[in-house]
Amino acid sequence: MKTKSLHYLMLIALLSIFTSCFMKKQTIKNATEVVYHFEDSSVPPKYHRSYTISINENSMNVVVDSYGDILADTTISISKDQYNDILDYAIECNLSNKTRVNKEDDCTGGTSKSLSIYIKDESIINGTLYKCGGQRYGDLDGDIDKFSIYIVSKVPNFSKLVE
């Protein structure tokens with residue numbers, strides 16, 4: 001009898017894990033907007049470049065700034081298929097929120113990468129990964145570095161925008 005109960009518990013646990021992964025993928029597939037933000041480290045304004053890339057099924061808007069001074073603001077048309085590829089890549093990178101990991105010391109001057117994914121006005125992912133002094137902390141899980149490289153590669157002439 002105990003063996004049968006254990007099998008049922010294991011089956012329920014496996015179904016929960018499978019359903020959870022499936023629901024996360026389906027939720028991201030229904031996203032209406034993706035917003036990626038890179039916050040540069042503390043360097044002189046001449047070299048500081050932070051940027052935000054906001055993406056929906058029709059366009060990609062890129063805003064580059066240096067301590068609040070807008071250096072570039074451009075919008076690029078994209079197809080629904082290109083947008084869906086970005087959502088698929090977010091799923092591939094296993095992006096999600098996690099419990100916040102706090103920094104271990106008073107490191108300042110690092111960089112951060114933030115991601116927000118929305119369905120209409122509701123945030124389904126909203127987190128930041130901060131890197132400083134060899135440490136990584138924040139409330140964003142998954143491979144945001146891989147995702148950021150992918151997103152930037154989709155912006156034509158990105159290197160010119162951040163000059």
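Predicted model only: the values in this text are computed from it and were never measured.
- Between the OG atom of S96 and the CG atom of D139 there is a distance of 10.0 Å, given to the nearest 0.5 Å.
- Cluster annotation: Y150 is connected to I117 through the hydrophobic network of ILVMFWY side chains, with a link wherever side-chain heavy atoms come within less than 4.5 Å.
- Considering only heavy atoms from C-beta on, N94 stays 4.5 Å or farther from D141 through its side chain.
- Considering all non-hydrogen atoms of both residues, S79 and Q82 come closest at N-OE1, 2.7 Å.
- At least one side-chain heavy atom of N61 sits less than 4.5 Å from a side-chain heavy atom of D73.
- The 12-atom threshold is exceeded at CG of N84, counting heavy atoms of other residues, nucleotides or ligands nearer than 6.0 Å.
- For the atom pair S77 OG and N58 CG, the distance stands at 8.0 Å (nearest 0.5 Å).
- In this structure, the separation between CG on L115 and CD1 on I144 is 4.5 Å, given to the nearest 0.5 Å.
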List the steps and the verdict of side-chain contact (heavy atoms from CB on, under 4.5 Å) for V34 and I125.
-> CA-CA 9 Å; V34 175; I125 295 176; over 6 Å; no
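- Aromatic ring pairs are classed by plane angle as parallel below 30°, tilted from 30° to 60° and perpendicular above 60°; the pair Y51 and F158 is perpendicular.
- At least one side-chain heavy atom of Y89 sits under 4.5 Å from a side-chain heavy atom of K146.
- Remark: I119 CD1 to I28 CD1 distance equals 9.0 Å, nearest 0.5 Å.
- When hydrophobic clusters are built by joining Ile, Leu, Val, Met, Phe, Trp and Tyr residues whose side-chain heavy atoms come closer than 4.5 Å, directly or via intermediates, I76 is grouped together with V64.
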Kindly indicate, with the supporting measurements, whether the criterion side-chain contact (heavy atoms from CB on, under 4.5 Å) is fulfilled by Y118 and V35.
-> CA-CA 8 Å; Y118 300 93; V35 180; 4.1 Å; yes
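- Atom OH of Y130 sits about 9.5 Å away from atom CD of Q135, to the nearest 0.5 Å.
- Nearest heavy-atom pair across D40 and S50 is N-OG, 3.0 Å.
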Decide side-chain contact (heavy atoms from CB on, under 4.5 Å) for T74 and N157; before the verdict, give the C-alpha distance in whole Å, the side-chain angles of both, and the deciding distance to 0.1 Å.
-> CA-CA 11 Å; T74 188; N157 301 312; over 6 Å; no
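- Shown here for A31 and L87, the closest heavy-atom pair between the two residues is CB-CD2, 3.8 Å.
- The minimum heavy-atom distance linking E163 with R49 is given by the pair O-NH2, 3.1 Å.
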Begin from the C-alpha positions of I86 and M60 and carry the test side-chain contact (heavy atoms from CB on, under 4.5 Å) through to its verdict.
-> CA-CA 11 Å; I86 290 167; M60 180 180 293; 3.9 Å; yes
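- Looking at heavy atoms from C-beta onward, K29 lies in side-chain contact with I91 at the 4.5 angstrom threshold.
- Of all heavy-atom pairs spanning G138 and K98, the tightest one is O-CE, 3.7 Å.
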S116 vs N126, side chain to side chain donor-acceptor pair (under 3.5 Å): CA-CA, chis, key distance, verdict = CA-CA 4 Å; S116 298; N126 188 14; 2.8 Å; yes
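- Across every non-hydrogen atom of G109 and S41, the tightest pair is O-CB, 2.8 Å.
- Side-chain heavy atoms closer than 4.5 Å link hydrophobic residues (I, L, V, M, F, W, Y) into clusters, and following such links, possibly through other members, connects I78 to V62.
- The distance from atom CG of L129 to atom CG of D145, rounded to the nearest 0.5 Å, is 6.5 Å.
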